[in-house]
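These notes concern the structure reproduced below.
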Amino acid sequence: MKLHLAHDHDWDVSTEKARAIQERLAAEVRSEGVTAGAVETVAGVDVSIRDDFAQAAVCVLSLPDLDPVDRAIHRQEIPFPYVPGLLSFRETPPVMQALEQLEVRPDVLMTDSHGLAHPRRFGFACHLGVLLDRPALGVAKSILVGDPAGDLDSEKGSRIPLVDRSTDAGETIGAVVRTRTDVNPVYVSVGHRISLDEAVALTLRCSPRYKIPEPTRHAHRLSRE
DNA sequence: GCGACAG
DNA sequence: ATCTTGTCGC
């Protein structure tokens, strides 16, 4: 896919400068734009780390079937160390290179990270979305900042707000979502050009199925031998 | 000062 | 994230 960068900046920066960049770009995040029901393709984005290399993988799935329609990977040396709150500086560079290889332009980008549920309201999901000016959301497996507002029902589909009390009036920065009964909840937050409700709806639409992409089945079979 | 800390 | 052992469920 053709990458039209709405914003750009240096990547070889200090942690202080990185935080400053996040604070500057956080003002560009938009919490509205996409309608989950109209989304036809979603790109799942993830990065694996081994030694000094980062490998980004992107798989575009169709909705509502979740059939893989395009994919790409890119491996490169880790550009930035892992620092809580600065994850995007390690993951964005390799992911951009993988996205550029796609032939199908996904309607939404889904990342394994937080978006607004971040100390400076600018997690990886926001970073990716704002630089590309594309819809994006974050789906994390654990909390970086904030607290669940109450107790989440064990029933699939239940959701409660994720709020940040450390600030003024305790703002809602995301949602705690149960995608399946008897599984740990995921933490969904806005990345860019999508509302929290649409982000939650999309997360649910993308989770209750078991269709496994061919490459993954192969890798799984090999790994247990 | 101490604890927390996406992946 | 990655590593590694044991256990539970379909």
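Quick note on labels: first sequence line is chain A, next is B, and so on, each numbered from 1. Just the heavy atoms: all of them, side chains too, but no hydrogens, waters or symmetry mates, feed the values below. This one's a predicted model, so the numbers in the text were calculated from it and none came from an experiment.
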When you look at CD of A:Gln101, are more than 12 heavy atoms from neighbouring residues, nucleotides or ligands closer to it than 6.0 Å? yes
Nearest-Å distance for atom pair CG/C1', residues A:Asp182 and C:dC10: 13 Å
Knowing that exactly one of A:His127, A:Arg19, A:His114, A:Arg24 qualifies, which makes a side chain to side chain contact (heavy atoms under 4.5 Å, CB included) with A:Phe122? A:His127
For the pair made of CG in A:Asp52 and C1' in C:dT2, what is the distance, rounded to whole Å? 14 Å
Sugar-phosphate, base or nothing in reach of A:Ser142, heavy atoms under 4.0 Å: sugar-phosphate
For A:Tyr82, does the six-membered ring have the charged nitrogen or CZ of A:Arg90 within the cation-pi criterion, i.e. under 6.0 angstrom from the centroid and within 45° of the normal? no
Return yes if a side-chain donor-acceptor contact under 3.5 Å exists between A:His7 and A:Asp133, otherwise no. no
Close side-chain approach of A:Thr15 to A:Phe80, heavy-atom, < 4.5 Å: yes
If I take atom CD in residue A:Gln22 and atom C1' in nucleotide B:dC5, what distance separates them, rounded to the nearest angstrom? 14 Å
When all nucleic acid strands are considered with a 4.0 Å heavy-atom cut-off, which category describes A:Ile78: base, sugar-phosphate, or nothing? nothing
Whole-Å distance separating the NE2 atom of A:His127 from the P atom of B:dG7: 18 Å
If a pair means Watson-Crick or G-U wobble with both distances below 3.5 Å, what does DNA chain B look like in dot-bracket form, with | marking bases paired to a different strand? .......
Decide yes or no for A:Tyr187 and A:Val139: does some side-chain heavy atom of the first lie under 4.5 Å from some side-chain heavy atom of the second? no
Which pair of heavy atoms, one from A:Ser195 and one from A:Val190, lies closest together, and at what distance? C-CG2, 3.7 Å
Closest to the A:Leu144 side chain: B:dC5, C:dT2, B:dG7? B:dC5
Tell me what A:Arg50 touches on the nucleic acid: a base, only sugar-phosphate, or nothing, going by heavy atoms under 4.0 Å. nothing
Would you classify A:Gly85 as touching base, sugar-phosphate or nothing, given that sugar-phosphate means primed atoms plus P, OP1 and OP2, and contacts are heavy atoms under 4.0 Å? base
Once Watson-Crick and G-U wobble pairs under 3.5 Å are found, how is DNA chain C written in dot-bracket notation, 5' to 3', with | for any base paired to another strand? ..........
Do you know which of A:Leu99, A:Val60, A:Val95, A:Val58 makes side chain to side chain contact (heavy atoms under 4.5 Å, CB included) with A:Leu109? A:Leu99
Between B:dC5 (P) and A:Asp147 (CG): distance, integer Å: 10 Å
A side-chain contact here means heavy atoms from C-beta on lying under 4.5 Å apart; do A:Phe89 and A:Val83 qualify? no
Between C1' on B:dA4 and CG on A:Leu86, what's the gap in Å once rounded to a whole number? 15 Å
Tightest non-hydrogen contact, residues A:Thr179 and A:Ser207, listed as CB-OG, 3.6 Å
Rounded interatomic separation in angstrom, taking CD from A:Glu91 and P from B:dA6: 12 Å
If stacking means aromatic ring centre less than 5.5 angstrom from the base's six-membered ring centre, planes under 30°, is A:Tyr187 stacked on B:dA6? no
Considering just the side-chain nitrogens and oxygens of A:Lys141, establish if one lies under 4.0 Å of OP1 or OP2 belonging to B:dA6. no
Measure the distance from CD1 on A:Ile49 to C1' on C:dA1 and round it to the nearest whole Å. 6 Å
